[in-house]
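For reference, the structure discussed in these notes is given below.
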2 protein chains.
Amino acid sequence: MAGDDNSVNLESGLAAPAPDAEGTVPRGGSYHHGDLRAAVIAAGMKRLAEGDGSDLGLRALARDVGVSATALYRHFPDKEALLDALADEGLRRLGALQAQAWLKAGGGKAGFLATGIAYVRFAHDEPAIFRLSFTRQMPERYRDGGADGGETAYHLLRAGVAQALPDLDDPEPASLHAWAVVHGLAMLILDHRVEWDETMVEKVVGLTFGVAE
Amino acid sequence: MAGDDNSVNLESGLAAPAPDAEGTVPRGGSYHHGDLRAAVIAAGMKRLAEGDGSDLGLRALARDVGVSATALYRHFPDKEALLDALADEGLRRLGALQAQAWLKAGGGKAGFLATGIAYVRFAHDEPAIFRLSFTRQMPERYRDGGADGGETAYHLLRAGVAQALPDLDDPEPASLHAWAVVHGLAMLILDHRVEWDETMVEKVVGLTFGVAE
DNA sequence: CCTGCCATGTTGCCACCGTAAACATAGCGA
DNA sequence: TCGCTATGTTTACGGTGGCAACATGGCAGG
């Protein structure tokens, strides 16, 4: 009872770009539809990536997948749960991008900076997904078990702070500060209170602890 | 044509607590209702202050005010416009609180810190209002004229940065950094990814430019 | 004072939404 | 083969935002 119902694990999960054709009928060997739930989440992510997230909705998602609206209730208790799943998938992607940036930069201060920039860039590139991912998922009301995808992102940040500032008595406020900077910048850009500008983001994130090299 | 239709200016606008009885029929000399629009906005703020903002809605608001649902369309083109008005009022209140904190701290570095903390505290005290205020109000699609309430908040922040760090070649990234810190912290607290803790907030905000005295 | 205008508010309606209940279908184990 | 159960469909209900037609009442011009 701990194997297949918590993690979505659709093809575009972490590492594989997976240039599949459609998200509608991916596999061929399960039940009536194939793998609904995964298909629904894929459709949701697609809508989020293209639209502004306002045109989400049971009926629309169901239509995308080619299934009746109430069919989704076999896989999600209600719409909130579906959105939670989408949010989790979004956080997972964010974490993957950050890890990638960290590795590419070779860790250290450069890596720390790179993860921060990746954070903001993700918000800019996928506004609806980013917003959904963080607006959702409040207390443990919903999540009864299993780690959510957001932990990866925070752990990466924490590790980044630890490497960028090795001599620090209490890393907690520093980590929070760093997180707040990138998250706030991301949100302000999303809400059009600040314009996206790569070099500006570098400057602002670089101001954190004076890490800019 | 520039006198009375852009700013709401209900009793609880900026400075006056205004211990009025109800928000339903405030004045006595206008039209059928008195001053709808202001009454609707007051009702909306009340709902935002008490609930989580999910129970907003034309019908509910109209019921609060004691008016038919479609009556609101005489004052707002659609629901979005109504929410924009509420968002603007929220930003105005935030600006007022920041100004108050700034003055009380006597300006300077202490004032800068105080405005930042006031920003986060406002988000914590009025989550729904804060969230609405910043999630709304995207481009100039809606705002065809008039300054929005958010400018006050940002100008105060900018002034705070200028006073806290007088010798700075380019104040723009620094201002953005400071804004991002408080905004990000506020958002993370709102979304329950960080727990509210007054001293923690002080520490984190104080880390900005090492301003902590 | 009367009369008509126009801003304001009401009633009725429509499409859409989330979701619960009853029904249909199909794969799998006994 | 039979029937259980997971899956998907149909139908229906209350609620929503929003449009159109109608009612109302304060104010201006005669």
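Numbered from 1 within each chain, the chains take letters A, B, ... in sequence-line order.
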Quick check on DNA chain C: between A:Leu58 and A:Arg74, whose nearest nucleotide comes earlier from the 5' end? A:Leu58
Tell me whether B:Thr115 contacts the main-chain N or O of B:Phe112 through its side chain, where contact means a donor paired with an acceptor under 3.5 Å. yes
Quick check: A:Phe130 with A:His183 (ring centres under 6.0 Å apart)? yes
Classify every nucleotide of nucleotides 11-16 of chain C by which part a protein heavy atom approaches to under 4.0 Å, writing B for the base, S for the sugar-phosphate alone and - for neither, in 5'-to-3' order. BB----
Terminal axes of the helix from C:dC1-D:dG30 to C:dA30-D:dT1 (5 end pairs apiece), angle rounded to 10 degrees, sit apart by 10°
Report, as yes or no, whether the 6.0 Å neighbourhood of atom CD on A:Glu195 holds more than 12 heavy atoms from other residues, nucleotides or ligands. no
With nearest nucleotides of DNA chain D determined for A:Leu72 and B:Lys79 from heavy-atom distances, which residue corresponds to the more 5′ nucleotide? A:Leu72
Measuring from atom CG of A:Leu207 to atom NE2 of B:His177, what distance do you get when rounded to the nearest 0.5 angstrom? 6.0 Å
Do you know the tightest heavy-atom contact between B:Ala62 and B:Ala69? CB-CA, 3.5 Å
Go through the structure and list residues passing ring pair (Phe, Tyr, Trp, His ring centres under 6.0 Å) with A:Phe122, not counting sequence neighbours. none
Using ring centroids (six-membered ring only for Trp), state whether A:Phe134 and B:His192 fall under 6.0 Å. no
Would you kindly give the CG-to-C1' distance between A:Leu61 and D:dG8, to the nearest whole Å? 16 Å
Testing A:Glu202, A:Glu126, A:Glu198 one by one against A:Arg121 for a salt bridge (charged side-chain N to carboxylate O under 4.0 Å, His left out), which residue passes? A:Glu198
Could you tell me how far apart A:Phe76 (CZ) and D:dG8 (P) are, to the nearest whole angstrom? 11 Å
So which nucleotide from C:dT10, C:dG18, D:dT7 ends up closest to the side chain of A:His75? D:dT7
